[in-house]
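Index from 1, following the sequence. For ligands, and for the atoms within them, numbers begin at 1 and follow the listed sequence. If you're wondering where the values come from, they're calculated on a predicted model, not measured in any experiment.
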Amino acid sequence: MAIGMNIAKADVFVHSPGRNFVTLKIVTESGLVGYGDATVNGRELSVASYLRDHLLPIIIGRDAQNIEDTWQYLYRGSYWRRGPITMTAIAAIDMALWDIKAKAANVPLYQLLGGASRVGCLAYGHASGSDFKEIFDSIRYHQEKGYRAIRVQAAVPSLNSVYGVPGIGKSSKGKSAGKRHDYEPAQRSSKPVEEEWDTRAYLNHMPKVFEAVRNEFGPELPLLHDAHHRLTPIEAARLGKSLEPYDLFWLEDLTPAENTDVFRLIRQHTTTPIAVGEVFNSIFDYKALFEEQLIDYVRSPVSHAGGITALRKIFDYAAIYQIKSGVHGPTDVSPIGHAASLHLGMAIHNYGISEYMQHNSETNDVFEPEYTFKDGLIHPGTSAGLGVSYNEKLAASFEYKPAYLPVNRLKIDGTVHDW
Ligand code: KDG
Ligand code: MG
């Protein structure tokens with residue numbers, strides 16, 4: 001048994017370098033440090049409390065090397081299983097322990113997960129715009145930054161706001177130009193901002209957007225689109241069908257996440273590939289979707305699906321059905337969570353793509369991630385562990401402030417609508 005590998009200390013930090021993050025730090029008796037990302041966008045303090053008040057007191061003194069046993073102890077050993085807060089808290093501990101194990105072995109984490117299966121992880125960026133010209137400019141901007149796959153979100157003419165499309169209505173005054181790319185959708189405020197929605201207008205407009213984009217950029221560029229869970233099953237089927245001529249890489253989060261039975265109906269109507277799972281947190285959420293071959297990409301990131309230990313099992317299960325990874329990588333996944341997903345992505349065979357919304361300089365100054373982005377691929381780096389650190393002093397200078405994702409209401413009568 002290695003000396004000094006018991007967990008001696010664990011701390012949770014809740015700060016706002018660029019945006020709110022919850023960060024876990026575990027230290028072994030020998031002084032090895034591991035980091036975990038425990039951020040749940042808009043519900044940060046709940047995970048911090050779950051860790052501080054319930055999990056950290058019971059992991060002190062455990063052998064940091066026994067990752068599987070610790071995972072089972074925290075998951076199977078608890079009466080209350082699953083759910084985003086529980087699984088994010090377990091994920092943070094799991095990530096930190098893998099970070100420690102890789103540092104103890106003096107290798108980048110992907111080496112412990114089987115080694116590199118590729119030279120880097122294909123990533124997609126976020127293009128958006130109020131009109132076709134803005135969308136084209138935004139796609140070009142991302143291509144110039146190196147992206148080889150691009151998610152396209154568009155304003156809908158009759159709506160004065162659409163989630164994922166910043167600066168609607170301001171473009172003619174030139175106010176949105178600097179904000180269009182990789183913006184932060186969670187607004188720091190005491191209450192969520194409210195946005196409006198009209199499914200009919202959206203469904204009528206999206207095929208026009210993708211027709212225009214294909215006409216402008218040709219057939220080769222991989223294009224993705226996110227419906228943010230807003231559709232009914234039959235509306236989702238219609239969208240998939242209407243976008244078939246534009247050959248999407250995937251269509252994401254079509255319907256509300258709770259009812260996965262609806263994918264049977266959607267699948268019967270369209271060959272557009274389907275991605276889902278960024279709000280799933282357990283292998284059981286995917287079970288029927290895999291076994292009945294109803295989806296094509298798994299969206300879970302390491303930080304919301306119970307950690308590297310758990311997501312590895314989800315990916316291996318998906319591989320049996322030729323389903324690939326398509327990991328969630330917005331700015332609310334911290335560089336620690338992002339690095340963990342990248343190391344796993346380097347190692348698995350059924351890697352598909354990762355979302356890569358780039359963090360701002362405040363975030364990067366605190367976490368100093370080693371991953372690099374070049375020619376559309378991200379590489380997690382070769383230093384020992386996850387390749388991410390955490391500057392506690394600098395982080396403490398960015399005070400946590402509540403921030404919320406918007407709430408969505410129907411334009412016609414103000415009814416609260418789905419995410
Ligand atoms: O916290 C949720 C956001 O990150 C949301 O914008 C994520 O739909 C999302 C995406 O695909 O990044
Ligand atoms: Mg999404």
Would Glu252 count as being in polar contact with ligand 1, using the rule that some N or O on each side must be under 3.5 angstrom apart? yes
Need the ligand 1 atom indices (1-based, order shown) with element for anything under 4.0 Å from a heavy-atom of Arg151. 10 (C), 11 (O)
Between Tyr124 and Trp250, does the ring centroid distance fall short of 6.0 Å? yes
What is the name of the N/O/S atom in Glu278 that sits closest to the Mg ion (ligand 2)? OE1
Measuring only between side-chain heavy atoms, which start at C-beta, is Pro256 closer than 4.5 Å to Trp419? no
Near Pro330, which atoms of ligand 1 are under 4.0 Å from a heavy atom of that residue? 4 (O), 12 (O)
Between Tyr390 and Phe367, does the ring centroid distance fall short of 6.0 Å? yes
Could Arg409 and Glu196 be called an ion pair, given the rule that one side-chain N must be under 4.0 Å from one carboxylate O? no
Ring centres under 6.0 angstrom apart (His338, Tyr371): yes
With the Mg ion (ligand 2) as the reference point, give the N/O/S atom of Glu252 that is nearest. OE2
Please list the nearest protein heavy atom to atom 8 (O) of ligand 1 with its residue and the distance rounded to 0.1 Å. Glu278 OE2, 2.7 Å
Phe210 and His225 aromatic centres sub-6.0 Å: yes
His228 heavy atoms within 4.0 Å reach ligand 1 at atoms 8 (O), 9 (C)
Identity and separation of the nearest protein heavy atom to atom 4 (O) of ligand 1: Asp332 OD1, 2.6 Å
Flag Tyr163 as yes when one of its N or O atoms lies below 3.5 Å from any N or O atom of ligand 1, and as no otherwise. yes
Quick test of your reading of the structure: of Asn41, Leu224, Thr39, whose heavy atom lies closest to atom 1 (O) of ligand 1? Asn41
Closest to the Mg ion (ligand 2), among the N/O/S atoms of Asp226, is atom OD2
Under a 4.0 Å N-O cut-off, is there an ion pair linking Arg230 with Glu235? no
Is Glu291 paired with Lys287 through a side-chain N to carboxylate O contact shorter than 4.0 Å? yes
Residue portion contacting ligand 1 (non-hydrogen atoms closer than 4.0 Å) for Thr331: neither
Glu292 and Arg264 ion-paired at < 4.0 Å: yes
If the threshold is 4.0 Å, N to carboxylate O, is there a salt bridge linking Lys9 and Asp11? yes
Under a heavy-atom criterion of less than 4.0 Å, does Arg299 contact ligand 1? yes
Here the atoms of ligand 1 under 4.0 Å from any heavy atom belonging to Asp226 are 8 (O), 9 (C), 10 (C), 11 (O)
Considering only protein heavy atoms, which is closest to atom 12 (O) of ligand 1, and at what distance to one decimal place? Glu355 OE2, 2.5 Å
Nearest non-hydrogen protein atom to atom 2 (C) of ligand 1, with distance, is Leu405 CD1, 3.7 Å
